[in-house]
Amino acid sequence: MNTINNLFNQPRFGVLLLRWTLALLMVLHGWAKITGGVGGIEGMLVAKGLPGFLAYGAYLGEFLAPLMLLAGFWVVPAALLIAINMVFALVLAHAGHFTDLTGSGGWRLELQAFFLVSALVVAFTNRLGPNRG
């Protein structure tokens, strides 16, 4: 058992794997915004009394920040951008879903929770990343 434990005792690789998974999954959402626009987000913001131009932040949080995570460039700010993006998504698009379950018994906001918490874990564990002290 110690051999297996030692083999999988790779915190730097674990943090890198989480960072890349978060980035790859999130960049797909960003690509949808690039090809389809942010009009829906803009409408939700305006309906809440917020300025519509904030919708363009989705490009930062869902496309640019994930690319930064993939490259290992400004990891903490990039992860925090994703976390902020997810807070906006939860408040704007999912505010009524916090107590909802899916037909299979899962939480309706599993994906959003994964993105938000993973972004925070990536930010908080940045020093464990590859080639860090």
Side-chain angles (χ1 to χ4, degrees):
M1 194 58 137
N2 281 341
T3 303
I4 291 174
N5 286 340
N6 289 337
L7 179 65
F8 284 90
N9 185 19
Q10 305 295 328
R12 292 176 192 270
F13 179 71
V15 169
L16 180 67
L17 183 60
L18 180 63
R19 191 179 88 204
W20 283 354
T21 301
L22 172 64
L24 290 171
L25 293 175
M26 185 58 77
V27 81
L28 297 173
H29 287 270
W31 185 252
K33 305 300 183 300
I34 288 173
T35 58
V38 292
I41 298 169
E42 186 175 11
M44 287 186 271
L45 285 163
V46 170
K48 298 273 188 191
L50 297 168
F53 74 85
L54 291 176
Y56 294 97
Y59 294 124
L60 298 175
E62 294 183 19
F63 194 74
L64 181 62
L67 292 179
M68 291 166 63
L69 289 184
L70 285 171
F73 179 72
W74 283 1
V75 170
V76 173
L80 293 176
L81 271 172
I82 291 172
I84 291 166
N85 185 81
M86 290 315 303
V87 168
F88 268 89
L90 286 165
V91 170
L92 292 175
H94 303 288
H97 304 152
F98 280 90
T99 59
D100 294 351
L101 299 177
T102 65
S104 61
W107 187 30
R108 184 167 177 183
L109 300 178
E110 287 173 347
L111 181 62
Q112 294 80 5
F114 171 79
F115 284 152
L116 174 59
V117 173
S118 294
L120 292 173
V121 170
V122 167
F124 282 119
T125 60
N126 177 54
R127 294 206 57 190
L128 292 177
N131 304 317
R132 300 297 172 129

Would a single hydrophobic cluster contain both [Y] and [X], if residues Ile, Leu, Val, Met, Phe, Trp and Tyr are joined by side-chain heavy-atom contacts under 4.5 Å?
| X | Y | result |
| --- | --- | --- |
| L120 | M86 | yes |
| L90 | M26 | yes |
| L69 | V117 | yes |
| I41 | L54 | yes |
| L16 | L67 | yes |

To the nearest 0.5 Å, what is the distance between [atom1] on [X] and [atom2] on [Y]?
| X | Y | atom1 | atom2 | answer |
| --- | --- | --- | --- | --- |
| F114 | L109 | CZ | CG | 15.0 Å |
| I84 | L116 | CD1 | CG | 10.5 Å |
| K33 | W31 | NZ | CH2 | 13.5 Å |
| E110 | T102 | CD | OG1 | 6.0 Å |
| L18 | S118 | CG | OG | 4.5 Å |
| F88 | L50 | CZ | CG | 6.5 Å |

Quiz item: Can L25 and T21 be said to form a side chain to side chain contact (heavy atoms under 4.5 Å, CB included), step by step?
Solution: CA-CA 6 Å; L25 293 175; T21 301; 3.9 Å; yes
For the student: nearest non-hydrogen atoms of [X] and [Y], plus distance:
| X | Y | answer |
| --- | --- | --- |
| I82 | G61 | CG1-O, 3.3 Å |
| L101 | W107 | CD2-CA, 4.0 Å |
| A83 | A119 | N-CB, 3.9 Å |
| A123 | L80 | CB-CD2, 4.0 Å |
| R19 | G72 | NH2-CA, 3.6 Å |
| A58 | V38 | CB-CG1, 4.2 Å |

Quiz item: Knowing that exactly one of V122, V15, T125 qualifies, which makes a side chain to side chain contact (heavy atoms under 4.5 Å, CB included) with V75?
Solution: V122
Quiz item: Do N85 and L60 come close enough that some side-chain heavy atom pair is under 4.5 Å?
Solution: no
Self-check item: Pairs where residues 42-55 contributes a residue and the test side-chain hydrogen bond (donor to acceptor under 3.5 Å, both in side chains) is met, not counting sequence neighbours
Solution: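 Passing the test, one end in residues 42-55: no pairs.
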Counting only heavy atoms not in [X], do more than 12 fall under 6.0 Å of its [atom1]?
| X | atom1 | value |
| --- | --- | --- |
| F13 | CZ | no |
| F63 | CZ | yes |
| W74 | CH2 | no |

Self-check item: Ring centre gap for H29 and F115 strictly below 6.0 Å
Solution: yes
Quiz item: Does N6 reach the main-chain N or O of N2 with its side chain, forming a donor-acceptor pair under 3.5 Å?
Solution: yes
